[in-house]
Every structure is written in structure tokens, then in C-alpha cells.
Amino acid sequence: AGIPQDELPIDISSTDHDLTGKRVIGLRATGAGNIAVITRARGARTPAMAAGETRVLAVPKVVKTGTTATGITALIG
């Protein structure tokens with residue numbers, strides 16, 4: 001996945017956050033919960049995240065419906 005070069009706050013307050021065109025290599029959540037995503041490899045997934053957890057995932061979209069984690073940040077490679 002590599003070392004993150006930047007971070008991008010995820011805003012799903014009104015709709016899904018489309019990350020197409022960004023080289024997302026992971027997600028971080030400051031508040032525990034689920035993060036509904038579309039992955040490049042597997043399609044739809046909803047991993048449970050602990051507070052402060054970082055998960056290596058290549059995702060072009062974070063989906064509003066089903067996401068309960070807070071303070072989500074995409075790690076850009």
C-alpha cells in the first residue's frame with residue numbers, strides 16, 4: 001500500500017463520498033463504528049472499525065448508508 005502522502009476528510013453528511021481518481025490506500029476513524037465502502041477488489045463491504053483504527057483498503061467510495069463510524073479520513077498514497 002505504501003506510506004500515506006496526504007489525508008482527506010470524508011464528508012458523508014448529505015451523500016456518499018466519491019474518491020474516484022484519488023489513490024486511497026486506507027481509512028482511519030476517530031470514532032468506533034462501521035464504514036460502508038465500495039472497494040476496488042471486492043465490491044461492497046462494511047468493516048467494523050475501533051476508535052483510532054487505521055485499515056488498509058483501496059476504496060473509490062465511502063457510502064453514507066450503513067456508515068456509523070465518525071471522524072473518517074482517507075489516506076492518500
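Because only heavy atoms are used, hydrogens play no part in the values below, and waters and symmetry mates are left out as well, while side chains stay in.
- Between the CE atom of Met49 and the OG1 atom of Thr54 there is a distance of 6.5 Å, given to the nearest 0.5 Å.
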*So Ile38 and Val63, side chain to side chain contact (heavy atoms under 4.5 Å, CB included) or not? Walk me through it.*
CA-CA 7 Å; Ile38 304 298; Val63 181; 4.0 Å; yes
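- The two residues Asn34 and Gly66 make their nearest non-hydrogen contact at CB-O, 3.6 Å.
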- Task: Please test Thr46 against Ile35 for side chain to side chain contact (heavy atoms under 4.5 Å, CB included), starting from the C-alpha separation and ending with a verdict.
- Result: CA-CA 5 Å; Thr46 308; Ile35 301 180; over 6 Å; no
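- Separation of atoms CZ (Arg55) and CG (Leu75) is listed at 12.5 Å; rounding is to 0.5 Å.
- For the pair His17/Leu8, a side-chain contact is recorded, criterion being any heavy-atom separation below 4.5 Å from C-beta on.
- For the atom pair OG1 (Thr15) and NZ (Lys61), the distance works out to 7.5 Å, reported to the nearest 0.5 Å.
- Listed here is the closest heavy atom pair of Asp11 and Ser13: OD1-OG, 2.7 Å.
- Annotation: side chain of Pro47 is not in contact with side chain of Leu27 (no heavy-atom distance under 4.5 Å).
- Within the 4.5 Å cutoff, side-chain heavy atoms of Val37 are placed close to those of Arg45.
- If you take CD1 on Ile10 and NZ on Lys64, they are separated by 13.5 Å, rounding to the nearest 0.5 Å.
- With a 4.5 Å cut-off on side-chain heavy atoms, Leu19 and Val62 count as touching.
- With contacts defined as side-chain heavy-atom distances shorter than 4.5 Å, the pair Arg28/Glu7 qualifies.
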